[in-house]
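Encoded as structure tokens, the structure appears first; notes follow it.
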Amino acid sequence: MLHKTIDSTRRDRGFTLIELLVVLLILGMLAGLVGPRVLKYLGSAKSDTAQLQIAEFGAGLDLFHLEVGRYPTTEEGLQSLSAEPTGVDNWNGPYLKKKDIPVDPWGNAYHYRSPGENGDYDLYSFGRDKADGGEGEDEDIVSW
């Protein structure tokens, strides 16, 4: 009877070193498989966020155009969606939910040009690389 009690207390003490190493090995393998996929989704999430912000700006620019009769000039910029530019009649904004114009997911200001080269206005972000062109996460996010 005493022998059984000693064996059962030995087993209840915890994990052996080998058991812990096996668990760490399994966790390492899972991190190796899942980690790159998570980072890939993080990059595409930033691009998706930029596209959604550009669409929101586009809706605000269209409202500005409906009420004022034109799109904001390049000099007036996106700030005209949240604060009335000088000398503008029929401005009934703000045309965005937030008062401050957000930066793109990489921390840079969006680029706005009106009249645009690709439409009434051009609205874009250069992406992660902050340079024209690129592929993947470095690809430009544009309104056209």
Side-chain angles (χ1 to χ4, degrees), residues 5-144:
T5 307
I6 292 172
D7 284 342
S8 66
T9 56
R10 252 188 224 154
R11 276 187 266 132
D12 293 340
R13 283 191 192 169
F15 298 106
T16 66
L17 180 59
I18 296 206
E19 290 170 328
L20 288 174
L21 288 175
V22 168
V23 169
L24 288 175
L25 179 68
I26 292 170
L27 289 174
M29 289 172 45
L30 284 174
L33 293 173
V34 175
R37 291 184 183 181
V38 170
L39 292 177
K40 176 183 151 192
Y41 288 123
L42 179 63
S44 68
K46 286 186 175 187
S47 297
D48 292 345
T49 299
Q51 191 64 47
L52 288 171
Q53 285 179 326
I54 285 176
E56 182 182 358
F57 291 144
L61 289 166
D62 290 340
L63 285 171
F64 183 99
H65 181 264
L66 283 172
E67 292 186 350
V68 176
R70 63 172 177 81
Y71 287 102
T73 64
T74 302
E75 293 76 27
E76 291 168 339
L78 295 174
Q79 293 77 15
S80 62
L81 298 178
S82 60
E84 183 175 2
T86 56
V88 173
D89 295 330
N90 299 329
W91 189 88
N92 196 23
Y95 299 104
L96 296 176
K97 291 180 181 180
K98 296 181 179 179
K99 186 166 182 119
D100 296 328
I101 304 297
V103 294
D104 70 12
W106 300 276
N108 306 305
Y110 284 96
H111 301 274
Y112 174 76
R113 179 176 47 223
S114 179
E117 296 175 3
N118 301 290
D120 292 325
Y121 62 86
D122 293 345
L123 180 57
Y124 55 97
S125 165
F126 283 135
R128 182 182 65 181
D129 66 352
K130 303 175 191 170
D132 193 17
E135 295 180 10
E137 196 175 340
D138 295 335
E139 186 176 3
D140 299 344
I141 314 296
V142 298
S143 63
W144 59 89

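Only a predicted model underlies this, so the values are computations on that prediction, with no experimental measurement involved. Note that the numbering runs from 1 along the sequence shown for the chain.
When every heavy atom of Ile54 is checked against every heavy atom of Leu123, the shortest pair comes out as O-CD2, 3.9 Å. Taking each heavy atom of Glu56 and Leu96 in turn, the nearest pair found is O-CD2, 3.9 Å. Here the closest heavy-atom approach between residue Ile141 and residue Ser47 is recorded as CD1-CB, 4.1 Å. The nearest pair of heavy atoms linking Asp129 to Gly134 is OD2-CA, 4.3 Å. Between Ser82 and Ile101, the closest heavy-atom pair is OG-CD1, 4.0 Å. What you find for Asp140 and Gly133 is that their closest heavy atoms are OD2-N, 2.8 Å.
For the atom pair His65 NE2 and Leu63 CG, the distance stands at 11.5 Å (nearest 0.5 Å). Note that the OG1 atom of Thr49 and the CG atom of Asp104 stand 10.5 Å from one another [nearest 0.5 Å].
More than 12 heavy atoms of other residues, nucleotides or ligands shown are found within 6.0 angstrom of CD on Glu19. Residue-environment remark: CG (Leu25) exceeds the threshold of 12 foreign heavy atoms within 6.0 Å.
When side chains are defined from C-beta on, Gln53 counts as touching Pro105, because their heavy atoms get closer than 4.5 Å. Considering only heavy atoms from C-beta on, Val68 comes within 4.5 Å of Val88 through its side chain.
You'll find the ring centres of Tyr112 and Tyr110 outside the 6.0 Å limit. The distance between the ring centers of Phe64 and Tyr71 does not fall below 6.0 angstrom.
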Passes side-chain contact (heavy atoms from CB on, under 4.5 Å), Ser143 versus Tyr124? Steps please. CA-CA 6 Å; Ser143 63; Tyr124 55 97; over 6 Å; no
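Between the side chain of Tyr95 and the backbone N or O of Asn92, at least one donor-acceptor pair lies under 3.5 Å. Judged by distance alone, the side chain of Trp91 and the main-chain N or O of Leu81 form no donor-acceptor pair under 3.5 Å. Checked by atom type and distance alone, the side chain of Asp100 never pairs as donor or acceptor with a backbone atom of Pro102 at under 3.5 Å. Ser125 places a side-chain N or O within 3.5 Å of a backbone atom of Gly127 that can act as its donor or acceptor partner.
Ring pair Phe126/His111 is tilted by interplanar angle, where 30° to 60° counts as tilted.
Among pairs with a residue in residues 58-72, those fulfilling salt bridge (charged side-chain N to carboxylate O under 4.0 Å, His left out) read Arg70-Glu76, at least two apart in sequence or across chains.
Residues satisfying the salt bridge (charged side-chain N to carboxylate O under 4.0 Å, His left out) criterion with Asp122, sequence neighbours excluded, are Arg113.
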